[in-house]
Amino acid sequence: MSIRTICCIGAGYVGGPTMAVIADRCPGIQVTVVDLNQARIDAWNDPDLSKLPVYEPGLDAVVGRCRGRNLHFSTAVEPAIAAADMVFLSVNTPTKTKGVGAGQASDLRWIEASARQVAACAQGHTIVVEKSTLPVRTAETVQAILSAAQGDGASGSSPKTFAVLSNPEFLAEGTAIPDLEQPDRVLIGGDDPAAIEALAGVYGQWVPSDRILRTNLWSSELSKLTANAFLAQRISSINSIAALCEATGADVQEVAHAIGADSRIGGKFLKAGPGFGGSCFQKDILNLVYLCGHYGLHEVAAYWQSVVDLNGWQQHRIARLVVQRLFGTVTGKRIAVLGFAFKADTNDTREAPAIRICQDLLEEGAQLAIHDPKVSEAQIAADLGENLGDGWQRVATPVQAAEGADALLILTEWHDYVELDWRALAAVMRKPSWLFDARNIANAAQARAAGLQVWSVGCG
Ligand SMILES: NC(=O)c1ccc[n+]([C@@H]2O[C@H](COP(=O)([O-])OP(=O)(O)OC[C@H]3O[C@@H](n4cnc5c(N)ncnc54)[C@H](O)[C@@H]3O)[C@@H](O)[C@H]2O)c1
């Protein structure tokens, strides 16, 4: 079966960029991305490509090429499902906040709602593709919902039939477009060979065939959780060593380089920092912890839980360390915070380390001047919450942030912060002034030469 029409439910950080690249690489397929959120769809349709709701380098060009040609964004969910040969489920799956499994299990209400919508609106044969990250055996639930509708057909039309595939997304925010255009691998899990080949045929239009991996459904679902758990584990591992470096006089960048040169370990993802953020790592590991607990594997659950615990510890450690170096109190002191997004090249702040660190400092009474090239004031306000009041303001430039500040705290590795003019910053700060570089990206020698005292993560 060759696919001519695709519908994607969910126009978020995954659905938007993924479908834009499919439309770009498959001009013969009509792709419609639908979402219930009218404001988000309006932003995807904004004639000004700098207003797209997701910031990703290169995304604007891809959307500019395809939108209106074979890429469409709409809130009309039902007709888009009805017209589709293949429906991707790319809705959010956050950690449950209440009920059984609260704080660990994924909340599957949006997956269930979208599966029910597909069951109600699909026509003829439809391949349903799980693109969201899901707990192992979720495909069974999706299949059960679809099976209940199977065989129904509007009078005169052919009866409904479904096949379910798992096709987790491995893109990283900030590099989503190159990740989608040249993926290390595409994973397709399923037990219906015709459906698997139909989806492989879509990716095959730009991905080399040896990079398209076929597995059973459960391996595919588990591989995505495992990939995120292993990546997050590397971050927690290097951050644990960073703390030991600071205590012993070692330098975590030297240690990371030395161990990364070992081909069995590899050099990637060994940068010490303020801990991992983003919507996925914590949620997916907690989900793994929940699954392990469910199957009675309590030691395995505790092993992965420690990766999450260490991440929170690192964030509190950095906030505490700032307070200690500023003579044990930050009450009424101005601190310039550079970077709020969870990493560079994205406007996403979900689970950003900056949130916890800023909250800790606000609770200590600090006045924060926050700069980020892509994160809006409204987003920062939503993340910091109302309880912490007006102890912070968003400013337009790093120099404005530094004015009258006792310390400058770098929390996101935006390229703009690599080349800061330390003399200009030192000139407007209150003395003695500090640089706290939680990303190891600033030129520490220049900052010292300009008169600042410097702490860089992992440098003893
Ligand atoms: N963000 C990432 O880097 C990343 C990477 C790989 C996988 N994932 C996974 O992909 C999934 C989506 O993540 P995201 O970051 O794109 O989330 P997101 O919150 O940015 O987007 C999800 C969208 O789905 C929409 N939606 C929810 N229910 C709907 C319904 N019934 N009908 C229509 N629209 C509906 C929401 O309005 C929202 O706009 C998650 O499972 C996530 O774990 C995310």
Side-chain angles (χ1 to χ4, degrees), residues 7-21 32-44 52-56 59 73-81 84 87-96 105-121 128-136 138-139 142 145 166-177 179-180 183-187 220-221 223-229 231-232 276-288 341-343 345-352 379 382:
C7 166
C8 172
I9 305 182
Y13 282 84
V14 169
T18 309
M19 293 302 127
V21 169
T32 304
V33 191
V34 295
D35 204 294
L36 300 172
N37 183 332
Q38 182 76 52
R40 214 166 205 186
I41 291 297
D42 290 347
W44 280 113
L52 298 181
V54 169
Y55 173 70
E56 275 296 335
L59 176 63
F73 295 95
S74 168
T75 51
V77 179
E78 296 178 6
I81 294 173
V87 177
F88 285 80
L89 306 181
S90 190
V91 299
N92 37 322
T93 52
T95 305
K96 273 182 93 168
S106 283
D107 192 337
L108 297 179
R109 76 176 97 162
W110 293 277
I111 275 290
E112 181 174 338
S114 47
R116 285 183 188 280
Q117 257 172 324
V118 176
C121 306
V128 178
V129 183
E130 297 177 341
K131 179 56 90 180
S132 298
T133 304
L134 297 168
V136 185
T138 307
V142 172
I145 291 168
S166 161
N167 171 225
E169 184 48 60
F170 292 101
L171 69 79
E173 289 177 25
T175 52
I177 299 303
D179 292 347
L180 288 162
D184 288 345
R185 77 317 205 177
V186 165
L187 188 54
S220 173
E221 289 178 338
S223 296
K224 175 64 192 174
L225 293 183
T226 307
N228 276 352
L231 290 170
F276 53 79
S279 64
C280 297
F281 282 4
Q282 175 171 309
K283 143 178 104 70
D284 294 346
I285 301 174
L286 291 174
N287 194 350
L288 198 60
F342 85 91
K343 65 168 167 175
D345 291 326
T346 178
N347 60 343
D348 196 349
T349 61
R350 290 178 288 183
E351 307 292 342
Q379 188 58 51

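Indexing begins at 1, ligand by ligand and atom by atom, following the structure's order.
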Discussion item. Within the 4.0 Å heavy-atom shell around Trp110, which atoms of ligand 1 are there?
Written reply: 27 (C), 28 (N)

Fill in: Tyr13: numbered ligand 1 atoms lying under 4.0 Å from its heavy atoms
1 (N), 14 (P), 15 (O), 16 (O), 20 (O)

Discussion item. Which residue in the set Ile81, Ile9, Val87 passes side-chain contact (heavy atoms from CB on, under 4.5 Å) when paired with Val34?
Written reply: Ile9

Worksheet, complete the sentence: Checking heavy atoms under 4.0 Å, the part of Glu112 that sits near ligand 1 is neither

Response to the item:
Quick look: Cys280 vs ligand 1, heavy-atom contacts under 4.0 Å, and the answer is side chain

Worksheet item: Hey, is ligand 1 close enough to Asp348 that some N/O pair sits below 3.5 Å?
Response: no

Fill in: Geometric N/O contact Glu173 with ligand 1, under 3.5 angstrom
yes

Worksheet item: Counting each atom of ligand 1 from 1 as listed, which ones have a heavy atom of Ser90 under 4.0 Å away?
Response: 12 (C), 22 (C)

Item to complete: Write out the residue and atom name of the closest protein heavy atom to atom 9 (C) of ligand 1, then the distance separating them to 0.1 Å.
Response: Thr133 OG1, 3.4 Å

Practice prompt. Just jot down the ligand 1 atoms closer than 4.0 angstrom to any heavy atom of Lys224, in number order.
Written response: 6 (C)

Item to complete: Report the C-alpha separation of Asn228 and Ile285 in whole Å, then their side-chain angles, then the decisive distance to 0.1 Å, and conclude whether the side-chain contact (heavy atoms from CB on, under 4.5 Å) test is met.
Response: CA-CA 7 Å; Asn228 276 352; Ile285 301 174; 5.7 Å; no

Practice prompt. Ignoring angles and geometry beyond distance, decide whether Lys283 reaches within less than 3.5 Å of ligand 1 through its nitrogen or oxygen atoms.
Written response: yes

Worksheet item: Less than 3.5 Å between some nitrogen or oxygen of Ile9 and one of ligand 1, yes or no?
Response: no

Worksheet entry | Protein residue, atom and distance nearest to atom 15 (O) of ligand 1, heavy-atom basis | Arg350 NH2, 2.7 Å

Worksheet entry | Per-atom contacts, ligand 1 versus Gln117 - under 4.0 Å to a heavy atom | 31 (N), 32 (N)

Item to complete: Using a 4.0 Å heavy-atom cut-off, say whether Ser279 meets ligand 1 through its side chain, its backbone, both or neither.
Response: side chain

Response to the item:
At under 4.0 Å between heavy atoms, what of Asp35 touches ligand 1? The answer is both

Discussion item. On a heavy-atom basis, I'd like to know which of Ile41, Leu134, Thr93 is closest to atom 41 (O) of ligand 1.
Written reply: Thr93

Discussion item. My understanding is that we take every heavy atom of each candidate and find the minimum distance to atom 21 (O) of ligand 1. Doing that for Gly12, Gly278, Ser132, which one comes out nearest?
Written reply: Gly12

